[in-house]
K.L.:
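Dropping the structure in here first, questions after.
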Amino acid sequence: MKKLEPVGFLTFIAVVLLFLIVLQSRAHAQSPLDKKLSISLKNEQLKKALDKITSISGAKFTFNEQIASSSIKISITARDKSLKEILTLAFADKPLQFSILDKEVFIRLDPEKTKKDEAGPAANPAQSKEKYTLSGTVKSQSTGETLIAATIRIVGANLATASNEYGFYSITLIKGSYDLEISAVGSKTYRVRIDLKENTNLNATLTDDQNLLETVTINSTSAQRNIGNPQMGMERLSISETKLVPVLMGEPDLIKTLQLLPGVKTAGEGNGGMFVRGGTADQNMILLDEAPVYNASHLLGFFSTFNSDAIKNVTLYKSGMPAQYGGGLSSVLDVKMNDGNNQKLGVSGGIGLIAARLNVEGPIQKDKSSFLISARRTYADMFLKLSSDTSINNTQLYFYDVNAKANYILGDKDRLFLSGYFGKDVLASDNLSGINWGNATATMRWNHVFNNKLFSNTSVIFSNYNYKVQANTDENSLTLFSQIRDWNVKEDIQWYANEQNTISFGLNSIFHTIKPGEVQATGNSGFISQNLQNRYSLENAVYVSNTWKASSALTLTYGLRVSAFTILGPGDYYSINQAGDIIGSTAYKRGELVKTYVNLEPRLAAALQVGEWASVKASYVRNVQNLHLISNSNAASPTDRWVASTNIIKPELSDQVSLGYYRNIGSAYELTVETYYKTLKNQIDYRNGADIFTNRPIETQLLFGKGRAYGMELLLKKKAGRLSGWLGYTLSKTERKIDGINNNQWYNARQDKTHDVSVVSVYKLSQKWSVSANWVYSTGNAVTFPNGKYRLLGQSYFYFSERNADRMPAYHRLDLGATRMLKQNKKFSSELSFSLYNAYGRKNPFRITFQDSESDPNRTEAIRTTLFRFIPSVSYNFKF
């Protein structure tokens with residue numbers, strides 16, 4: 001029998017997964033409205049008529065008490081007609097409407113068809129020109145958490161809005177009576193009829209829908225993607241998704257899950273960095289409760305800093321970033337922590353092969369305030385202590401992180417949040433050498449509702465990242481230290497001006513302190529103690545944007561962000577020539593202005609709805625980045641150097657144009673196709689033979705030029721049912737053109753990958769078992785391999801020509817997972833999670849190096865290093 005090759009096997013797996021998705025879709029494709037039946041009704045009271053239709057067709061109806069007690073009577077005679085045709089005829093002269101809601105037929109009153117003499121002007125908004133505002137906050141009944149992106153919809157009208165990132169919403173309507181639906185993932189839809197005669201505050205508390213939580217395994221944050229929203233390139237990730245996708249060592253990981261989405265590429269095997277639409281790892285602005293996180297990885301990138309137990313919501317912007325975001329050239333990753341349960345005390349956590357987690361939350365004062373403390377630590381170092389080898393059992397290898405948050409409801413219009421994060425990695429050998437690095441953030445936020453149309457968020461933010469490298473012997477010691485520290489003040493205001501316009505405006509001011517390097521040396525190590533000059537800068541920005549609903553089909557968002565980056569003394573700033581040699585310097589005193597860069601960052605997006613279920617969107621955005629990561633590896637390393645713009649290093653700029661097609665297919669599927677073209681200016685790369693650890697100014701080691709990135713992304717997502725998941729595909733190209741590199745011609749950027757495929761699936765076998773799988777494939781990264789070598793005095797020297805002209809081998813991998821529910825009730829739940837990373841043992845290369853052959857020095861050998869094959873894991877998770 002012919003052996004099945006890995007690629008053929010992977011193709012087979014992908015085909016099977018796609019076949020299951022298609023099969024499942026066909027099984028559930030028929031709408032209840034498509035069912036054909038024959039029926040005869042004569043003057044039947046509405047509820048009895050619906051009950052008879054249910055008994056004949058099996059279709060289920062949902063309606064409120066007003067419908068149940070209605071005196072409306074139905075008469076209809078039909079033979080072999082669809083339920084849609086029957087209801088259309090039966091309701092033709094009745095003030096009723098119907099639609100599909102969660103596979104049931106939702107019956108409601110239609111204000112536009114309500115008779116004037118029965119309902120009066122309050123029930124017929126079209127008869128009145130007075131307008132009032134309905135506003136409030138949406139939260140969860142079980143936890144008291146505010147719900148982000150909950151949908152607030154006016155039944156029977158093309159009017160809807162969504163709660164903001166603090167749960168607040170506002171919508172302006174003509175005076176009248178309305179049926180209102182408020183929905184969010186994992187919650188029962190809240191339905192209420194309102195008589196809008198004045199500005200009204202309506203706070204909605206949604207109850208958990210246990211049936212929904214049990215049957216829906218992968219879901220977006222709203223029932224369906226809002227195709228009318230002009231926002232492009234945005235993905236909201238539910239935490240349930242990260243917990244179901246099998247990953248390395250079984251640790252749920254935000255970044256690893258994001259890498260499975262189109263347009264987001266992994267930085268390498270096991271690495272926590274990500275490349276978004278041709279950008280480098282540092283061009284992602286990563287925010288945790290609004291605080292920048294400058295190194296979002298643990299254990300050299302094998303895990304991310306985000307403990308999923310502490311995370312509430314994750315939003316990734318790949319294009320069309322809202323104007324309040326700045327500082328990242330390629331993407332914004334906005335991570336919000338849980339607020340803490342203000343209803344009851346809860347404890348959850350997990351124990352795995354490599355790490356343990358514990359999460360505690362509860363009320364400080366019920367309904368008024370709450371707290372959250374979430375901690376995680378690895379214990380690989382504890383296993384090393386079992387070794388009899390002293391060089392191993394004295395090794396330190398671990399990370400830990402702590403998330404904490406408290407929030408206080410100060411009144412009907414005010415809420416205060418305090419949150420913080422602290423994480424640290426330690427890699428050390430026998431206390432003699434090693435490296436440790438860590439992040440610390442703190443955020444204080446004040447939400448204030450000025451009135452039913454004006455919402456404010458004021459924040460004071462602290463962020464700190466540092467690393468220390470240490471090498472000691474009995475006679476010598478060497479320590480390297482680097483740090484970046486920010487103080488940040490923000491003011492964001494949302495003004496719900498009227499039913500057509502929502503205006504956002506605000507300002508942001510950040511004071512950066514960067515310690516690029518500090519060297520402390522003793523003994524005869526050959527190093528001299530020195531401190532590279534600290535760099536100080538002030539980054540200010542103001543912005544304004546408006547979302548304008550121009551018509552029922554067309555919605556526009558337009559805005560402008562103005563950023564100013566001011567370089568401050570003290571310090572010496574240099575002039576260099578084309579060869580990178582210093583030709584002059586200027587000394588500045590403390591507080592003196594060195595240089596200010598002012599940039600305009602316009603935003604424009606449009607959505608044109610094509611029918612009820614589809615839309616076409618387009619956007620343009622300019623982004624500016626003033627902090628740069630100087631790295632000589634393909635992925636971010638803790639010892640890479642952060643530098644701010646100087647008189648030589650200019651702000652990086654990108655201009656991106658995107659076009660997309662969006663379609664909701666039934667109630668379970670979403671299809672998204674986006675294309676983009678991005679130009680980049682002031683891109684940074686190394687001179688040939690550069691050394692970033694030199695004591696010379698870093699500018700002498702760098703070259704500057706331009707770049708371009710373009711591609712197409714496809715995402716087909718199945719959100720509901722026993723089988724769920726997504727298929728993602730990216731076709732892209734990323735290039736750079738920098739004078740002094742590759743004969744001044746275009747060359748592949750290190751992060752360039754032509755093809756990237758991901759297939760993710762989750763299947764619920766029963767109430768106790770669910771299984772999952774994901775398969776990924778991508779073209780290898782662009783790399784520079786030697787073209788030849790020469791020998792001199794017995795030594796071999798490799799010769800390199802074109803930059804990044806070669807490719808690593810293609811990468812592909814299959815991961816499997818299974819979850820067994822052990823116990824579940826109102827007071828306690830527990831489960832076992834199993835996973836197998838790289839299930840067929842693909843030897844994906846982490847690194848390829850070249851060396852002389854031991855048998856023949858004139859021959860060269862390529863050495864492939866592989867990190868992970870067949871990595872099983874098991875973890876126990878609990879909650880009470």
Side-chain angles (χ1 to χ4, degrees), residues 248-249 251-256 270-273 281-282 286-289 291-311 335 337 349-352 354-360 372-385 394-405 419-443 461-472 478-486 513-518 520 629 635-642:
L248 180 65
M249 301 295 184
E251 273 294 297
D253 197 301
L254 273 179
I255 301 295
K256 296 294 191 298
N271 197 281
D282 70 306
I286 300 176
L287 304 172
L288 178 62
D289 270 2
V293 178
Y294 288 103
N295 189 324
S297 64
H298 284 305
L299 289 185
L300 301 175
F302 296 128
F303 304 96
S304 79
T305 60
F306 302 115
N307 181 353
S308 59
D309 289 344
I311 301 306
V335 181
M337 288 170 52
I351 302 173
I354 193 173
R357 314 181 315 275
L358 184 66
N359 184 77
V360 181
L372 165 79
I373 299 175
S374 189
R376 176 176 58 161
R377 191 195 191 278
T378 58
Y379 34 71
D381 54 320
M382 298 181 183
F383 293 106
L384 298 179
K385 293 184 184 298
N394 287 327
T395 297
Q396 295 177 292
L397 175 62
Y398 67 90
F399 73 79
Y400 64 88
D401 47 39
V402 178
N403 296 76
K405 192 168 185 177
S419 63
Y421 166 83
F422 182 77
K424 190 173 184 180
D425 286 71
V426 176
L427 304 177
S429 175
D430 201 23
N431 294 320
L432 295 178
S433 61
I435 175 175
N436 63 71
W437 68 95
N439 292 279
T441 70
T443 305
I461 305 160
F462 171 79
S463 177
N464 183 82
Y465 168 69
N466 62 58
Y467 72 80
K468 180 186 288 187
V469 180
Q470 191 170 359
N472 298 328
L478 176 67
T479 302
L480 304 177
F481 179 80
S482 183
Q483 179 185 52
I484 177 170
R485 185 177 64 210
D486 291 346
T513 301
I514 298 179
K515 187 184 290 291
E518 177 183 285
Q520 296 179 355
L629 187 66
S637 163
T639 57
D640 294 337
R641 288 177 58 179
W642 281 96

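Everything numeric in this text was worked out from a predicted model, so none of it was measured.
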K.L.:
For residues Thr305 and Ile286, determine if any side-chain heavy atom of one lies less than 4.5 Å from a side-chain heavy atom of the other.
P.N.:
no

K.L.:
Checking Tyr294 against Asp486: is there a side-chain donor and acceptor pair closer than 3.5 Å?
P.N.:
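Yes, a side-chain donor-acceptor pair sits under 3.5 Å.
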
K.L.:
How long is the gap from CG on Asp309 to CG on Asn403, to the nearest 0.5 Å?
P.N.:
9.5 Å

K.L.:
Would you find a donor on one side and an acceptor on the other, under 3.5 Å apart, between the side chain of Thr378 and the backbone of Phe399?
P.N.:
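Yes, Thr378 side chain to Phe399 backbone: donor-acceptor pair under 3.5 Å.
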
K.L.:
For Leu358, check side-chain contact (heavy atoms from CB on, under 4.5 Å) against everything at least two apart and list the hits.
P.N.:
Val347, Val360, Phe878

K.L.:
Search all heavy atoms of Gly438 against all heavy atoms of Tyr465 and return the closest pair with its distance.
P.N.:
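Smallest heavy-atom distance, with atoms named: O-CD1, 3.2 Å.
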
K.L.:
Out of curiosity, Arg377 CZ to Lys424 NZ, how far, rounded to the nearest 0.5 Å?
P.N.:
12.0 Å

K.L.:
Could you pull out the closest heavy-atom pair between Lys405 and Met337, with the gap in Å?
P.N.:
NZ-O, 3.1 Å

K.L.:
Using modelled atom types and a 3.5 Å cut-off, is there a donor and acceptor pairing between side-chain atoms of Tyr379 and backbone atoms of Ala355?
P.N.:
yes

K.L.:
Looking only at non-hydrogen atoms, find the nearest pair between Tyr400 and His298 and report the distance.
P.N.:
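Minimum heavy-atom contact is O-CE1, 4.1 Å.
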
K.L.:
Does a donor on one side chain and an acceptor on the other come within less than 3.5 Å for Ser419 and Asp289?
P.N.:
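Looking only at side-chain atoms, Asp289 and Ser419 do form a donor-acceptor pair, the distance falling under 3.5 Å.
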
K.L.:
Return yes if some donor-acceptor pair links the side-chain N/O of Ser297 with the main-chain N/O of Phe303 below 3.5 Å, else return no.
P.N.:
no

K.L.:
Which atom names give the shortest non-hydrogen contact between Ala310 and Leu372, and what distance separates them?
P.N.:
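Looks like O-CD2, 4.2 Å.
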
K.L.:
If you look at every heavy atom in Ser374 and Asn307, which pair is closest and at what distance?
P.N.:
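Shortest heavy-atom separation between Ser374 and Asn307 comes out as OG-ND2, 3.2 Å.
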
K.L.:
Supply the atom-to-atom distance Asn436 CG to Tyr467 OH, rounded to the nearest 0.5 angstrom.
P.N.:
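Going from the CG atom of Asn436 to the OH atom of Tyr467 covers 11.5 Å.
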
K.L.:
Measuring from Ile351:CD1 to Arg357:CZ, what's the distance to the nearest 0.5 Å?
P.N.:
9.5 Å

K.L.:
Which value, rounded to the nearest 0.5 Å, describes the distance between Trp642 atom CH2 and Asn466 atom CG?
P.N.:
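Interatomic distance, Trp642 CH2 to Asn466 CG, rounded to 0.5 Å: 14.5 Å.
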
K.L.:
Going from OH on Tyr421 to OG1 on Thr443, what distance comes out if it is rounded to the nearest 0.5 angstrom?
P.N.:
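Here the rounded value is 13.0 Å.
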
K.L.:
Taking all heavy atoms of Thr441 and all of Pro292, pick out the closest pair and write down the distance.
P.N.:
CG2-O, 4.0 Å

